[in-house]
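To start, the structure itself, in structure tokens.
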Amino acid sequence: MTLLRKVIMALTLETINETSVAALEIILAKAESAFGTWAGTTLIARSEALELIADRLDEASDELIQLAMAETHLAEPRLMGELKRTMFQLRFFAKQVLGGEFLNVRIDHKDDEWPMGAPRPDLRRTMQPLGPVLVFAASNFPFAFSVAGGDTASALAAGCPVVLKGHPGHPALSRKTADVVLTALADAGAPEGTFDIIFGTRNGAEALADCRIKAGAFTGGIPGGRTLFDIASGRAEPIPFYGELGSNNPVFVTPAAEAERGESIAREFVTSFTQSAGQLCTKPGTLFVPSESAILDELRNMELPSEAPLLNEGILAAFSDGKGRLESHDGVRVLNDSTSRTTGDASPILFHSTLGQIRRAPESLLAECFGPAALVVTYENVAELSEVAKLYEGQLTASIHGTNSCDVGSLMHVLSQKAGRVLWNQWPTGVSVTYAQQHGGPYPASTAVQSTSVGTAAMDRFLRPLAFQGFPDHLLPAPVRDSNPLGIPRQVNGECV
Ligand code: NAP
């Protein structure tokens, strides 16, 4: 055993232990008491604290990457890219905080002639942080959707303390990352309790039910996500629960696109569905192609990538179940299987079925199969695609491959109702952190259809609107004062200034 392995094992043994009841109580109490101070921190100080977390992650990157490689089986380049994304995300939110647009300030001055028929009072609307947020880290993104990932960054940016439920798939990495975040926040002057980490399934559920937690955020599977959503909704004081659960991410290839670039579509599809061994929530799970399509032959004869170890035993077991569900279905055949070149358990595999079979068993054939498997479905008539698209539950993404001459209006219309992000001639894997990004969708893609867990709008999840009526200027918080001391963009009497 290498020295690093031994260190990891020692750390793991220490941290895998559930957080004790007494420690959980202290963490929740500190999060509650930190809330007022952190929420009241100036935008400049909050922004600097986020920047400092990013800088400290950068300084610790060598050790973090080594821990992540040892615990997740993910390759170094992928992990380095993910850590870079995570630091970018923190700095991106830091910039957002400084700009102040997220406060969405609207000011209506008093107007005795308001045409509603009664005078308009002086109203000033801004956004308030909700309170301590419980974040459930994901297994498949040990940086970008874990301890210092998007949920944590957006909640801290919104002014909310974070209690982080570490994922047992990477406990030593979680502990180390949490230490980096804790030190950075302390050095930035954030109050104690602004961030902390807990371990243990039961502790996660109990913290979510605790009245000091005011929102939950989650990335993972449908069963766990649904259970936690029910806990959050069933509390005496229900709280918002932003769960990003499961998605099949269908891709529809029109006959015109197939004729124009069938070969490259086949190659790009394989790259996309096997990326990170298929362990991405945006993995394209179904590819619809014309029945005589050359894409089918391309995919049948292509050498699929070699097997890569999956994240952990639980994910491997879930993948075997999902693959078994497809394999044992009467209307499904194996199209291409790389098992012969590998040990087999987690090797990439492609299945083939038809539109008729999908209509007969949409629940089992269109469900997410997390890991390196996908289903290719042949269709006879392009007009049928809109109908089959209606069989899908809510999706994170849906994609169309076409040409400028294709009439895809009705398919686009159906997919726009089903998915959070609709793509044209592109692949859904790869979720850029931007201003306009949307990562969510109707249930079960997400438990909160109006929200996104990626992009600057992710902050909105942890804010609530608050209006002040009739107060004198000196009693108002800075963002809604007439003098606009923060210089933030606002809407005054219905006009953006
Ligand atoms: P998971 O089982 O849903 O767990 C995610 C987090 O939620 C973990 O911290 C887990 O705690 C906690 N949790 C789950 N159920 C809970 C419950 N009933 N009470 C309290 N806490 C609960 O996700 P996973 O372990 O990462 O993977 C399981 C499956 O989820 C995968 O095989 C895959 O199908 C799917 N998945 C989907 C996505 C996606 O983005 N769509 C991402 C990852 C995984 P403990 O682990 O401590 O119990």
Side-chain angles (χ1 to χ4, degrees), residues 12 15-19 24 71-74 82 134-142 144-147 149-152 163-171 173-174 197-210 213 216-232 234 241-249 275-285 310-325 345-346 367-373 393-397 419-420 428-431 439-441 443-447 452-454:
T12 303
T15 55
I16 198 108
N17 290 331
E18 289 205 356
T19 306
L24 178 63
E71 287 190 325
T72 66
H73 305 129
L74 293 169
E82 195 188 320
L134 180 66
V135 174
F136 289 83
S139 59
N140 58 336
F141 281 93
F145 288 80
S146 191
V147 176
D151 288 334
T152 298
V163 176
L164 191 290
K165 156 66 176 69
H167 197 285
H170 49 271
L173 175 67
S174 301
I197 188 164
I198 61 172
F199 291 95
T201 311
R202 208 191 42 184
N203 283 326
E206 286 191 358
L208 190 61
D210 191 285
I213 292 295
F218 167 96
T219 301
I222 294 175
R226 180 64 206 222
T227 302
L228 294 171
F229 170 81
D230 289 342
I231 291 174
F241 182 78
Y242 301 99
E244 197 256 89
L245 312 185
S247 188
N248 180 282
N249 307 301
Q275 193 181 330
S276 295
Q279 300 166 111
L280 301 177
C281 45
T282 50
K283 177 200 78 173
L310 299 190
L311 288 161
N312 57 54
E313 291 299 315
I315 300 268
L316 179 60
F319 175 62
S320 300
D321 285 352
K323 201 167 73 160
R325 188 187 66 235
D345 287 348
E368 180 184 45
C369 175
F370 198 74
E393 298 183 295
Q395 300 292 317
L396 291 171
T397 74
T429 35
V431 185
H439 191 61
Y443 185 84
S446 156
T447 59
T452 176
S453 60
V454 180

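Order of listing sets the numbers, starting from 1, for every ligand and every atom in it. Atoms considered below: every heavy atom in the structure, side chains included; atoms not considered: hydrogens, waters and symmetry mates.
When the options Gly224, Ser146, Gly200 are ranked by their closest heavy atom to atom 16 (C) of ligand 1, first place goes to Gly224.
Thr447 places no side-chain N or O within 3.5 Å of a backbone atom of Phe229 that could act as its donor or acceptor partner. Not one N or O on the side chain of Asp151 forms a donor-acceptor pair closer than 3.5 Å with the backbone of Ala217. A donor-acceptor pair under 3.5 Å is formed between the side chain of Thr152 and the backbone N or O of Val147. Judged by distance alone, the side chain of Gln395 and the main-chain N or O of Asn248 form a donor-acceptor pair under 3.5 Å. Listed for the Lys323 side chain is no donor-acceptor partner under 3.5 Å among the backbone atoms of Pro372.
Looking only at heavy atoms of the protein, atom 18 (N) of ligand 1 is closest to Thr227 CG2, 3.6 Å. At the shortest separation from atom 37 (C) of ligand 1 among protein heavy atoms lies Gly220 O, 3.3 Å. Counting only heavy atoms of the protein, atom 27 (O) of ligand 1 lies nearest to Ile315 CD1, 3.5 Å. Looking only at protein heavy atoms, the nearest one to atom 25 (O) of ligand 1 is His167 NE2, 2.9 Å. Phe136 CD2, 4.0 Å is the protein heavy atom nearest to atom 12 (C) of ligand 1. Among protein heavy atoms, atom 34 (O) of ligand 1 sits closest to Phe370 CB, 3.3 Å. For atom 35 (C) of ligand 1, the closest non-hydrogen atom of the protein is Gly221 CA, 3.5 Å. Among all non-hydrogen protein atoms, the one lying nearest atom 48 (O) of ligand 1 is Thr201 OG1, 2.7 Å.
Counting heavy atoms closer than 4.0 Å to ligand 1, residue Lys165 contributes side-chain atoms (C-beta onward) but none from N, CA, C or O. Residue contacts with ligand 1 for Ala318 involve side-chain atoms from C-beta outward but no N, CA, C or O (heavy atoms, distance under 4.0 Å). Only the side chain of Phe218 comes within 4.0 Å of ligand 1, judged by heavy-atom distances. Only the side chain of Leu228 comes within contact range of ligand 1, with a heavy atom under 4.0 Å; no backbone atom does.
In this structure, Pro284 and Pro428 have side chains that are in contact, with non-hydrogen atoms separated by less than 4.5 Å. No side-chain heavy atom of Val135 sits under 4.5 Å from any side-chain heavy atom of Lys165. Using a 4.5 Å cut-off on side-chain heavy atoms (C-beta onward), His167 and Ser139 make contact.
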For the pair Ile315 and Gln279, evaluate side-chain contact (heavy atoms from CB on, under 4.5 Å) and give the outcome as yes or no after the intermediate values. CA-CA 9 Å; Ile315 300 268; Gln279 300 166 111; 3.6 Å; yes

Step by step, work out the side-chain contact (heavy atoms from CB on, under 4.5 Å) result for Phe241 and Leu228. CA-CA 8 Å; Phe241 182 78; Leu228 294 171; 3.5 Å; yes

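For ligand 1, the atoms lying closer than 4.0 Å to a non-hydrogen atom of Thr219 are 40 (O). Less than 4.0 angstrom separates some heavy atom of Ser139 from each of these atoms of ligand 1: 24 (P), 26 (O), 43 (C).
With respect to Asp321 and Arg325, no salt bridge is recorded, no charged nitrogen being found less than 4.0 Å from a carboxylate O.
The shortest N or O to N or O distance between Leu245 and ligand 1 is below 3.5 Å.
For Thr282 and Asn249, the side-chain atoms include no donor-acceptor pair closer than 3.5 Å.
Using a 4.0 Å heavy-atom cutoff, Ala138 is absent from the residues neighbouring ligand 1. Ligand 1 has at least one atom lying under 4.0 Å from a heavy atom of Glu368.
In this structure, atom 2 (O) of ligand 1 is not in close contact with the protein, since no protein heavy atom lies within 4.0 Å of it.
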